[in-house]
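Written out below as structure tokens is the structure these notes cover.
Please read all numbers here as calculations on a predicted model, not as lab measurements.
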Amino acid sequence: MTPDPDRFLADLHALRRFGAAGVGKGVVRPAYCEADVAARAWLAERMAEAGLAVRYDPMGNLFGLAEGPSLLLGSHSDSQPEGGWLDGALGVVAALEVARASRAAGGPPVSVVSFQDEEGRFGVTTGSAVWSGQLSLAEADRLTDHAGVALAAARAPMAGLAGAFVDPGRFTGFIELHIEQGPTLDSAGEQIGVVSDIVGIRDMRITFDGQQNHAGTTPMHLRRDAFQGLAAFNALLEERFRNVVTPRTVWTIGHVALHPNATSIVPGRAVFSIQWRDGDADRLGRMEEILRATAVEVAKARGLQVSFGAMLGLEPVAMDARLRAALEAGAEQVAPKRWRVLPSGALHDATNVARLLPVAMLFVPSIDGISHAFGEDTAEADLVAGVRVLAAAVDRLGRA
């Protein structure tokens, strides 16, 4: 089985044109936007040309199905609001190339998927969460983005393309190729990473409600300033987490909305996201207890009201030993002594798919560790090495 590197790279660059923005190879292709829908239509054409049966499900997840039982490869093709050209897209195009190469060589059947809304416009890996049963379609439809748009409304234009959900029983396993989105491989001069496990994640919104008032006439000691509550919460959190977390634990306040968000008004409301990740489910739970207690304490001390939004999250997942072994053998074949086993600190669709199927993941380097930014990039030689390792693993699994 021999993937065609020129065809693979040409397809990858062609997909980049959908939503191309910013400097370099930047992409703006959030879930369900015009560029995302157009990119999926282009991918569907490539899947059909490769002899795969094209299926959209009600969420907009796009499958290219081989006949009979098959290995499922892929990732996602939506992007962050300001994203790079490889995050997710690499895994989908690589899967397509391996499916074509395997078919041409008479190898094992390979199906391809591009999951929808992996990047979290509406939730956490929403498309694969619904497909895997982690989240019902009715529950997903009630999710809203930061602009207040409901998922049900966003996916409505794709309704004419949708069929039934694809039966996961037709797949024997799932492998996802992705950029590392971190500096480990790049800084070590290595070409391939075989993933050992994916961290768990928790994500929710917190709201502090205080009192909107005049910024010039309200004395500091009488203010019920919602933003100052957020600032105090953020400062306390690091100290409270100190004896609980490890060097691999991370937490982020990534989105803040103030009301009325005006220069001369004391903010009466602060709504913010809080996300935390770790490989240990018990630690994730302990962190939740701490942040909830801290928010309540801050609110009481500052005369605020606090409310908590729905908790979204996924559990840590270990990779399947058989699939992982095939990737490790492929890595040694393609990049001898230039690969390593490493955990994934980023979340991926494979976490959801693991509820249904054996899963494994493969990384290629991210230059300077940059991702979720217009500057995201990977050397083309490393991209080609990744698709070759994926093909070698599929070939090995087909002969096992």
Side-chain angles (χ1 to χ4, degrees), residues 3-50 54 56 60-62 64 73-97 100 112-122 125-127 145-147 149 154-155 157-158 161 176-182 186 254-255 346 348-349 363-384 386-387:
D4 182 333
D6 293 332
R7 180 174 59 186
F8 160 65
L9 291 172
D11 280 349
L12 199 52
H13 284 286
L15 182 54
R16 177 173 62 87
R17 290 196 289 269
F18 294 92
V23 296
K25 299 173 182 175
V27 169
V28 176
R29 199 166 58 221
Y32 304 108
C33 75
E34 183 178 348
D36 172 60
V37 174
R40 288 174 187 278
W42 180 85
L43 283 166
E45 292 175 0
R46 304 290 81 73
M47 290 174 177
E49 290 171 358
V54 175
Y56 286 94
N61 297 319
L62 171 63
L73 309 181
S75 188
H76 63 95
S77 53
D78 63 307
S79 82
Q80 285 285 328
E82 290 190 1
W85 71 302
L86 297 171
D87 182 354
L90 168 62
V92 177
V93 174
L96 177 62
E97 181 56 34
R100 290 186 291 215
V112 179
V113 64
S114 174
F115 286 113
Q116 181 58 288
D117 194 28
E118 192 273 353
E119 295 291 10
R121 176 183 172 188
F122 294 97
T125 59
T126 322
D145 65 10
H146 290 307
V149 177
R155 72 179 182 88
M158 298 190 70
L161 300 172
E176 183 172 3
L177 170 61
H178 210 279
I179 55 172
E180 183 194 349
Q181 300 181 283
D186 186 57
H255 183 270
H348 300 284
D349 288 309
F363 284 165
V364 294
S366 294
I367 295 173
D368 295 328
I370 295 173
S371 184
H372 286 187
F374 289 156
E376 172 187 286
D377 206 0
T378 297
E380 290 194 346
D382 293 338
L383 296 174
V384 171
V387 77

Exercise for review: Would you indicate whether the side-chain heavy atoms of Val28 and Pro81 approach each other to under 4.5 Å?
Suggested key: no
Review point. Between Tyr56 and Ala44, what is the shortest heavy-atom contact and its length?
Key: OH-CB, 3.9 Å
Exercise for review: Grab the two heavy atoms, one from Val27 and one from Gly84, that are nearest each other, plus how far apart they are.
Suggested key: CB-O, 3.8 Å
Exercise for review: Answer yes or no: is there a side-chain heavy-atom contact under 4.5 Å between Leu86 and Leu383?
Suggested key: yes
**Study point:** Spatial distance of atom CZ (Arg16) from atom CH2 (Trp85) [nearest 0.5 Å]
**Key:** 6.5 Å
Practice item. If a pair satisfies salt bridge (Lys or Arg N to Asp or Glu O under 4.0 Å) and one of its residues is in residues 35-47, list it, with sequence neighbours excluded. Key: Asp36-Arg40, Arg46-Glu49
Exercise for review: Compare every heavy atom of Val387 with every heavy atom of Pro3, then report the nearest pair and how far apart it is.
Suggested key: CG-O, 4.1 Å
Check your understanding: Would you find a donor on one side and an acceptor on the other, under 3.5 Å apart, between the side chain of Asp117 and the backbone of Ala31?
Key -> no
Review point. Is it true that Arg121 and Asp78 make a salt bridge, defined as a side-chain N closer than 4.0 Å to a carboxylate O?
Key: no
Exercise for review: Look at the rings of His178 and Phe363 and say which category their plane angle falls in: under 30° parallel, 30 to 60° tilted, over 60° perpendicular.
Suggested key: perpendicular
Check your understanding: When rounded to the nearest 0.5 angstrom, what distance separates CD1 in Ile179 from OG1 in Thr378?
Key -> 5.5 Å
Point to revise | Trp42 and Asp11, any side-chain heavy atoms less than 4.5 Å apart | key: yes
Exercise for review: Measure the OG1-CD distance between Thr126 and Gln116 for me, rounded to the nearest 0.5 Å.
Suggested key: 8.5 Å
Study note, to complete from the structure: Heavy-atom nearest pair, Gly127 first then Phe115, reads C-CD2, 4.4 Å
Point to revise | Asp368 side-chain N/O to Ile370 backbone N/O, donor-acceptor pair under 3.5 Å | key: no
Review point. Looking at side-chain heavy atoms only, is the closest gap between Leu62 and Met47 below 4.5 Å?
Key: yes
Exercise for review: Please check if any side-chain donor atom of Glu376 sits under 3.5 Å from a side-chain acceptor atom of Ser371, or the reverse.
Suggested key: yes
Exercise for review: Could you tell me the separation between the CG atom of Leu90 and the CG atom of Asp382, rounded to the nearest 0.5 Å?
Suggested key: 10.5 Å
Check your understanding: Considering residues, nucleotides and ligands other than Arg17, do more than 12 of their heavy atoms fall under 6.0 Å from its CZ?
Key -> no
Check your understanding: What heavy-atom pair brings Gly74 and Ala95 nearest, and what distance separates the two atoms?
Key -> N-CB, 3.7 Å
Review point. Does Arg29 use its side chain to pair, donor to acceptor, with the backbone of Phe18 at less than 3.5 Å?
Key: yes
Review point. Mind checking whether Leu96 and Phe8 have side chains closer than 4.5 Å, heavy atoms only?
Key: no
Practice item. Go through the side-chain N and O atoms of His76 and Glu176 and say whether any donor and acceptor fall under 3.5 Å apart. Key: no
**Study point:** Working for side chain to side chain contact (heavy atoms under 4.5 Å, CB included), residues Leu43 and Ser77
**Key:** CA-CA 9 Å; Leu43 283 166; Ser77 53; 3.8 Å; yes
**Study point:** Distance, nearest 0.5 Å, that separates OG1 of Thr125 from NE2 of His348
**Key:** 10.5 Å
Point to revise | Pairwise distance CG(Asp349) to OG(Ser114) - rounded to 0.5 angstrom | key: 8.5 Å
Exercise for review: Would you indicate whether the side-chain heavy atoms of His13 and Glu380 approach each other to under 4.5 Å?
Suggested key: yes
Check your understanding: Does any N or O in the side chain of Ser366 come within less than 3.5 Å of the main-chain N or O of Gln181, such that one atom is a donor and the other an acceptor?
Key -> yes
Study note, to complete from the structure: In short, Glu119 meets Ser79 closest at the heavy-atom pair CG-C, 3.5 Å
